[in-house]
Amino acid sequence: MSDRPQTSEPGRRGVLRGALATSAALALPAIGGAAAPAFALSGRPKAGWGVQAGDVGAHSGLVWVRSDRPARMVVETSPTESFKKVTRWRGPLIGPDTDFTGTTRLRGLPPGEQIHYRVRLADPDDPRRTGEPVEGTFRTASVSRRDGVRFLWSGDIAGQGWGINPDRGGYRVYEDMRALDPDFFLCSGDNIYADGPILPSVTLPDGRVWRNVTTEEKSKVAETLDEFRGAFRYNLLDENLLRFNAQIPTITQWDDHEVHNNWYPGQILSDERYTEKNVDVLSARSLRAFSEYFPVSTLPPGDADGRVYRVLRQGPLLDVFVLDMRTYRNANSPGRQTDDTTGILGAEQLAWLKWELSRSRAVWKVIASDMPLGLVVPDGTNFEAVAQGDPGAPLGRELQLAELLRHIKHERITGTLWLTTDVHYTSAQHYEPSSAAFKDFEPFWEFVSGPLAAGGFKALKLDGTFGPRQVFIKAPDRNNTSPAETPPYFGEVEIDGGSGELTVRLRQEGGNVLFSQTLQPGRVGQ
């Protein structure tokens, strides 16, 4: 990764704000076998997969692109659409070692401003030979409280065999989200379903036929690095997502389906579809592809440690704490341990989270959890998330949550809010110590919203250990309903710059608000 800025005045044409500025090759391919384009051997480098910005703060951000051949990545930024004055950032040489993807870190950006950017790909042997620029825009976080913050969250994309359906206009929920023009989008995991092949068509219960865009890599479960790369590339065939990426920066986390359903470290798969059974091998390959296809500040090449968990500071009103409940967990089990220091986060990540929450001075502290807290998520006779169905005192992974909630209470940490996806429906839970078996915590809210493009599933039971009260729920009455039967869900969070009030809205495809809750600032827990 390179981030050396150079100022220049090219006086080129302006960027069309929020529009998809890529070649005609981005149109949805025909059904039945559309794969990644072959790498051309002549002409100029092309960026046929759009652009993305990620982990944007007040003064920095990451910009991503993919080339069709080896190229030098160059990013130009400007405060205006006209690009009359630009800063040029010399990015990395990109090639086959990263599947021709590259990320450039932009530093020293002005806070609270709309940044217009374009990415050029230059021939490494002749820098004068550049492809057509691909354009995008994003807003940096404001350092002024009065400006407020607004963002969206959801997850679960291309799951259970429900892929890009051109009959429905593809992933059109992304167009609904783009129209709201949030400051950023938090993707709470399951960005791909590496364990879920996409077939050309699926017959629905009423006889209708769901058609999918297909690719060679998505015709089977992902095992090799190239197959994982192809799975991450699949969603970029959707025009709605490309337009969204060109306008809205992302904060991305991962969960189980980036590798395999309900996986945990050290697991040996019994799934007959796999020749590689060692989940540690598969997860390493997936994480490498994940780091190549998303601009994440704590993954290579930006951070050699390669961790997904991190905190993104969005000005005085908001810090976002991105968790990784997958990489450091212990094995799924009945969850009845009376002593569990590993839990679902691992000891090191839990200590990090407690430290970062204690030192945060933001009015609101959003904890982006890739799994729900009080919903009982089964894994056969074992349990996949935190709760395990016993409403009594904390056991198993619940012990870590109890330790964290106790820390928030006794450290007087205000404004915590939990957001998640994972369970393929939308709901709101309020956790109340007066109704809980474990009482040493302050009340707090957990909101669930998703999927974006996957099967809808029936509601799960609540575990009473932490006293959850379900205030709202919308879920189908059977499992794996298609997006044509159950609308995709996403959530919106808006923090008012004047009052500091935070409002959560649970929305569905089309933008309709299903539920709204306003929270007051300055309260321990919430």
Side-chain angles (χ1 to χ4, degrees), residues 309-314 316-325 328-330 335-375 385-388 390-420 428-447 462-469 471 493 495 500-502 504 517-526:
Y309 70 85
R310 60 205 189 275
V311 57
L312 283 306
R313 308 199 186 279
Q314 301 297 307
L317 285 172
L318 176 64
D319 284 345
V320 180
F321 300 84
V322 180
L323 302 188
D324 180 353
M325 290 181 158
Y328 312 100
R329 63 164 56 199
N330 51 21
R336 298 300 195 270
Q337 303 95 320
T338 58
D339 183 19
D340 188 354
T341 57
T342 300
I344 200 165
L345 294 174
E348 183 176 335
Q349 185 178 188
L350 176 61
W352 165 87
L353 179 58
K354 289 162 65 176
W355 165 254
E356 290 291 356
L357 284 169
S358 294
R359 66 191 292 260
S360 172
R361 296 297 175 262
V363 175
W364 291 98
K365 303 157 188 72
V366 164
I367 303 174
S369 173
D370 43 303
M371 299 225 70
L373 303 180
L375 299 175
V386 177
Q388 26 70 328
D390 180 346
L395 294 171
R397 293 170 178 165
E398 293 174 335
L399 293 165
Q400 274 197 337
L401 179 57
E403 181 180 344
L404 177 60
L405 296 179
R406 185 188 296 114
H407 175 81
I408 290 171
K409 174 182 176 180
H410 291 277
E411 290 292 312
R412 308 294 298 168
I413 297 170
T414 60
T416 57
L417 174 70
W418 293 75
L419 302 180
T420 190
Q429 288 81 236
H430 191 237
Y431 290 76
E432 303 167 351
S434 61
S435 305
F438 173 80
K439 298 182 180 298
D440 195 10
F441 71 98
E442 294 294 336
F444 66 94
W445 283 88
E446 174 188 47
F447 296 93
L462 287 172
D463 184 312
T465 297
F466 300 102
R469 177 174 61 92
V471 180
V493 176
I495 306 174
E501 289 181 340
L502 182 148
V504 178
Q517 180 71 43
T518 297
L519 310 179
Q520 299 301 316
R523 297 178 180 175
V524 177
Q526 179 51 50

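Heavy-atom basis, side chains included; hydrogens, waters and symmetry copies ignored. In what follows, residues are counted from 1 in the order of the sequence shown.
Shown here for A362 and L317, the closest heavy-atom pair between the two residues is CB-C, 4.1 Å. In this structure, N330 and R397 approach most closely via the heavy-atom pair O-NH2, 2.8 Å. Counting all heavy atoms, side chain and backbone alike, A393 lies closest to A437 at N-CB, 4.0 Å. Heavy atoms only, all atoms of each residue included: Q526 and W445 are closest at O-CD1, 3.7 Å. For A436 against G467, the heavy-atom pair with the smallest separation is CB-N, 3.4 Å. Contact detail for P433 and K439: the closest heavy-atom pair is O-NZ, 3.2 Å.
One N or O on the side chain of Q400 and one on the backbone of T342 form a donor-acceptor pair closer than 3.5 Å. Looking at D440, its side chain never comes within 3.5 Å of a backbone N or O of R406 through a donor-acceptor pair. Put simply, the side chain of R329 gets close to the backbone of M325: a donor and an acceptor are under 3.5 Å apart. Under the 3.5 Å distance criterion, the side-chain polar atoms of Q349 are matched with a main-chain donor or acceptor of D324. When atom types are taken as modelled, the side chain of T420 and the backbone of S369 share a donor-acceptor pair closer than 3.5 angstrom. Not a single donor-acceptor pair under 3.5 Å links the side chain of R412 to the backbone N or O of V524. Looking only at distances, a side-chain donor or acceptor of D463 sits under 3.5 Å from a matching main-chain atom of D390. Side chain of S358 to main chain of K354: a donor-acceptor pair is present (N/O by atom type, distance under 3.5 Å, no hydrogens or angles). Listed for the Q388 side chain is a donor-acceptor partner under 3.5 Å among the backbone atoms of G335. With hydrogens and angles disregarded, a donor-acceptor distance shorter than 3.5 Å links the side chain of E446 to the backbone of L373.
You'll find the side chain of W352 reaches within 4.5 Å of the side chain of V311, heavy atoms only. With contacts defined as side-chain heavy-atom distances shorter than 4.5 Å, the pair F447/L417 qualifies. Using a 4.5 Å heavy-atom threshold, the side chains of E501 and Q520 count as touching. You'll find the side chain of Y328 stays beyond 4.5 Å of the side chain of E348, heavy atoms only. Residues T465 and L401 form no side-chain contact, since every pair of their non-hydrogen atoms from C-beta on lies 4.5 Å or further apart.
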Exercise. Test L323 against W418 for side-chain contact (heavy atoms from CB on, under 4.5 Å), laying out the working first.
Key: CA-CA 11 Å; L323 302 188; W418 293 75; 4.2 Å; yes
Exercise. Show the numbers, then the answer: is there a side-chain contact (heavy atoms from CB on, under 4.5 Å) between L502 and V493?
Key: CA-CA 7 Å; L502 182 148; V493 176; 3.7 Å; yes
Practice problem: Please step through side-chain contact (heavy atoms from CB on, under 4.5 Å) for the pair L395 and T338, ending with a clear verdict. | Solution: CA-CA 5 Å; L395 294 171; T338 58; 4.0 Å; yes
Exercise. Could you go through the side-chain contact (heavy atoms from CB on, under 4.5 Å) check for L353 and L404 one step at a time?
Key: CA-CA 8 Å; L353 179 58; L404 177 60; 3.6 Å; yes
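The line from CD of E403 to CG of D340 is 11.0 Å long, rounded to the nearest 0.5 Å. Atoms NZ and OG1, from K409 and T416 in turn, are 13.5 Å apart once rounded to the nearest 0.5 Å.
The ring pair (Phe, Tyr, Trp, His ring centres under 6.0 Å) test with F444 singles out one residue from Y431, W364, F466, and that residue is Y431.
Salt-bridge formation is detected for the pair R313/D319: a Lys NZ or Arg NE/NH1/NH2 atom is positioned less than 4.0 Å from an Asp or Glu carboxylate oxygen.
Annotation for E411: atom CD counts as buried by contact number, over 12 foreign heavy atoms lying within 6.0 Å.
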